[in-house]
**Q** 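Take this structure first; my questions come after.
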Amino acid sequence: MPPKTSTPKKKGVDFEQSLSTLESLVNRMEQGDMTLEESLHAFETGIALTRECQTRLAAAEQQVSKLIEQQGTIHLEPFNTDEGDA
């Protein structure tokens with residue numbers, strides 16, 4: 001079955017689901033019990049999911065930049081990923 005290709009504008013699959021699918025795919029590939037054909041198909045699917053996730057992240061970053069725009073200038077603020085991990 002060929003990989004399902006979807007555009008980032010499609011509403012069917014959200015970012016978290018795409019990321020979860022990608023993680024599952026990587027785990028299966030790391031087990032090493034896939035045939036060459038299965039591995040190639042999984043790799044192709046993984047690349048498509050990675051690109052989709054990157055596109056969605058870029059769109060989210062643009063949206064955040066627009067939201068913090070003040071008085072005609074953009075104030076970029078770093079996103080602190082360590083927050084809440086302490």
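Count residues from 1 along the sequence.
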**Q** Quick one: pull up CD in Glu52 and CG in Leu57 and give me the separation to the nearest 0.5 Å.
**A**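 Going from the CD atom of Glu52 to the CG atom of Leu57 covers 11.0 Å.
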
**Q** Among residues at least two apart in sequence or on other chains, which ones pass side-chain hydrogen bond (donor to acceptor under 3.5 Å, both in side chains) with Ser24?
**A**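 Once residues adjacent in sequence are excluded, Ser24 has no partner under the side-chain hydrogen bond (donor to acceptor under 3.5 Å, both in side chains) criterion.
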
**Q** Listed by chain and number, what are the side chain to side chain contact (heavy atoms under 4.5 Å, CB included) partners of Ser20, not counting sequence neighbours?
**A**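 Testing Ser20 for side chain to side chain contact (heavy atoms under 4.5 Å, CB included), a comparison that skips the adjacent residues, returns none.
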
**Q** So if I apply the side chain to side chain contact (heavy atoms under 4.5 Å, CB included) rule between Thr50 and each of Thr45, Thr55, Leu19, Leu22, which one comes out positive?
**A**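 Only match with Thr50 under side chain to side chain contact (heavy atoms under 4.5 Å, CB included): Leu22.
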
**Q** How long is the straight-line distance from CZ of Arg56 back to CD of Glu16, given to the nearest 0.5 Å?
**A**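 Interatomic distance, Glu16 CD to Arg56 CZ, rounded to 0.5 Å: 9.0 Å.
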
**Q** Sequence neighbours left out, what passes side-chain hydrogen bond (donor to acceptor under 3.5 Å, both in side chains) with Glu38? Give chain and number order.
**A**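 side-chain hydrogen bond (donor to acceptor under 3.5 Å, both in side chains) check on Glu38 returns Thr35.
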
**Q** Can you name the residues that form a side chain to side chain contact (heavy atoms under 4.5 Å, CB included) with Ala42, not counting sequence neighbours?
**A**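 In terms of side chain to side chain contact (heavy atoms under 4.5 Å, CB included), with neighbours along the sequence ignored, Ala42 is linked to Leu25, Met29, Met34.
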
**Q** Mind checking what makes side chain to side chain contact (heavy atoms under 4.5 Å, CB included) contact with Glu30, not counting sequence neighbours?
**A**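 If we apply the side chain to side chain contact (heavy atoms under 4.5 Å, CB included) test to Glu30, skipping adjacent residues, the hits are Val26, Asn27.
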
**Q** What residues, two or more places apart in sequence or in another chain, satisfy side chain to side chain contact (heavy atoms under 4.5 Å, CB included) together with Leu40?
**A**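 Counting only residues at least two positions away or on another chain, Leu40 forms a side chain to side chain contact (heavy atoms under 4.5 Å, CB included) with Leu36.
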
